[in-house]
Number of protein chains: 2
Amino acid sequence: MSIHLLPVGRPFVPPVPIPPSYLLDGVGKARLVSLSTALPLAERDTLEPLSRRVSLDQKETLFGQDEPACSVFNVTSGALRLYRILPDGRRQVTGFAFPGDFVGLSMLDRYAVSADSLGPVTACRFERLAFRDLVCRQPGLMMHLHEITGQELSRAKDMMMLLGRRTADERIATFLTGLQERYVRIGRSSVTLELPMGRLDIADHLGLTIETVSRTLSRLDRDRCILIVPGGVRVIDQSRLDLLSAH
Amino acid sequence: MSIHLLPVGRPFVPPVPIPPSYLLDGVGKARLVSLSTALPLAERDTLEPLSRRVSLDQKETLFGQDEPACSVFNVTSGALRLYRILPDGRRQVTGFAFPGDFVGLSMLDRYAVSADSLGPVTACRFERLAFRDLVCRQPGLMMHLHEITGQELSRAKDMMMLLGRRTADERIATFLTGLQERYVRIGRSSVTLELPMGRLDIADHLGLTIETVSRTLSRLDRDRCILIVPGGVRVIDQSRLDLLSAH
DNA sequence: CCCGGTCCTTGATCCATCGCAAAGTCCGTC
DNA sequence: GACGGACTTTGCGATGGATCAAGGACCGGG
């Protein structure tokens, strides 16, 4: 797990062109926009000059739901929590954003969710209108971004199925395997699955209570399916987890 | 409840215009593509020549989940049910498509859901690749379609909140007021709210069982909040419904 | 007008998950 | 190295919605 913490280093070195959170592409060139979603290099190069760095400390707000959406973001390091809250305080965490993920890509006038940082986060900020104009001029790029939004929509439908029809065990298992896959895609796969979010965040993501999340994880641990370790879990019985999360 | 059946004649003349699937725009011209989502006329005119009519009978399948997505559709009349099914038969109805709604707009390689008709349906079919090419050449149009997808994504997040955190009463109330709004937007608003889908569809949409849906509707009826009528409901106490569905 | 099928409603009971309360753990700070 | 605060775990009892089991309403066809 300590490997993952390495690139974060000093969180903020302002004006220098190559701060710690720049990711490297295959050629070793520093990149501000890190697109695990596999935007072609040419498109990344188009976007890059438009961006400004943003750094967030732990638990800082990036933007709030219904605020005028004046920026689009691409996460560089750390993780964001995306959520909505009802007037009475009930919360639904709609998702988490990891390095490479875009946030606010649907470019509506107002943000559909609130976003804050789980730990220290760096991201690229794009001024929405400029982003929009640029993208408008590059149909290929726009198609790619549209496709990314389409994938997010498909995942939203996975979530509906999960929230509407699956049991607590299945929700937890699906959550864990889903995280695994995301980590693999951003090259962070490892024996231990890091859980940068707390139990309450998981509960509010999966439509459960914190107690049910805790109990379910404990049971999976007791059954030697996973091993609860500080900061995450280690998957012991992958096939059982896959079975539970099968869809 | 039997009282309610007395005074209500035949309130739901099936909303089939003649010729059934063409909608009229302000000028009275017949249109194949009916875009309640307010695509500018110019953009509709661009799309129209690409489309082919599709007609479905009751309960016919338009496409199945994971099938290669070779078409994009725009519903003209009737309503579609969009859903996913787990291997063991549990179903999540992710939504319903009404006249003006696009289906398959995210243009992934495979359909993210299955779609079938609740009653007779007509729609415009666009060959996906041609649609894609055309749209690529019209950045403004593509932005609009992207925005529509963004709105769908936002509604998907509403659904997550609903499925993850709201009570059965609230789910039903939210479902009803949501339908009201959609009907208003397509100019179908009326005292009685037509429910073209069965109780089981509502249950599978809201993450409930058919019994809970039936009981909840019955209770709202008993409490004089709504009136259950054949084919739909009449809203009696709008403010209570709005209160329950408040977000 | 009756028959059979499908859908809807209602009652009785069950159970997965919730809600509350009390420890327990971790971690940073003084 | 002990204190405080935030988070997590666990036990126990409560409950909203599920499940099981009858009926009832509606509808099309013969």
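Bear in mind that the values here come from a model prediction, so they are computed numbers and not experimental data. Any value given below was found using the heavy atoms of this structure, including those in side chains, with hydrogens, waters and symmetry copies removed. Per chain, numbering begins at 1; letters A, B, ... match sequence-line order.
Listed for the Tyr111(B) side chain is no donor-acceptor partner under 3.5 Å among the backbone atoms of Val103(B). Judged by distance alone, with hydrogens and angles left aside, the side-chain atoms of Ser117(A) form a donor-acceptor pair with the main-chain N or O of Lys59(A) at under 3.5 Å.
With respect to Arg91(A) and Asp201(A), a salt bridge is recorded, a charged nitrogen being found less than 4.0 Å from a carboxylate O.
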remark   = Each nucleotide of nucleotides 3-22 of chain D classed B (base within 4.0 Å of a protein heavy atom), S (only sugar-phosphate) or -, in 5' to 3' order, makes ----SSBBBB----SSBB--
request  = Between protein and nucleotides 25-30 of chain C, map the contacts as a letter string: B base, S sugar-phosphate only, - none, heavy atoms under 4.0 Å, written 5' to 3'.
outcome  = ------
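Below 30°, between 30° and 60°, or above 60°: for Phe63(B) and Phe73(B) the angle between ring planes is below 30°, a parallel geometry.
Put simply, the residue from Cys124(A), Ser55(A), Pro99(A) that forms a side chain to side chain contact (heavy atoms under 4.5 Å, CB included) with Thr76(A) is Cys124(A).
Side-chain contact, Thr149(A) with Thr149(B): no donor N or O sits under 3.5 Å from an acceptor N or O. A side-chain donor from one of Ser239(A) and Asp237(A) sits under 3.5 Å from a side-chain acceptor of the other. No side-chain donor from either of Arg199(A) and Ser214(A) sits under 3.5 Å from a side-chain acceptor of the other.
The distance from atom CG of Leu217(A) to atom CD1 of Ile202(A), rounded to the nearest 0.5 Å, is 6.0 Å.
Taking the C1' atoms of five terminal pairs at each end of the helix from dC1(C)-dG30(D) to dC30(C)-dG1(D), the two resulting helix axes are inclined by 30°, rounded to 10°.
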ask   = Do Leu162(B) and His247(B) pass the side chain to side chain contact (heavy atoms under 4.5 Å, CB included) test, and can you show the C-alpha distance, the side-chain angles, and the key distance before you say yes or no?
value = CA-CA 10 Å; Leu162(B) 180 134; His247(B) 60 264; over 6 Å; no
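If you measure from atom CZ of Arg90(B) to atom C1' of dA16(C), you get 13 Å, rounded to the nearest angstrom. One can place CG of Leu220(B) at 17 Å from P of dC8(C), the figure rounded to the nearest angstrom. Atom CG of Leu206(A) is separated from atom P of dT17(C) by 12 Å (rounded to the nearest Å).
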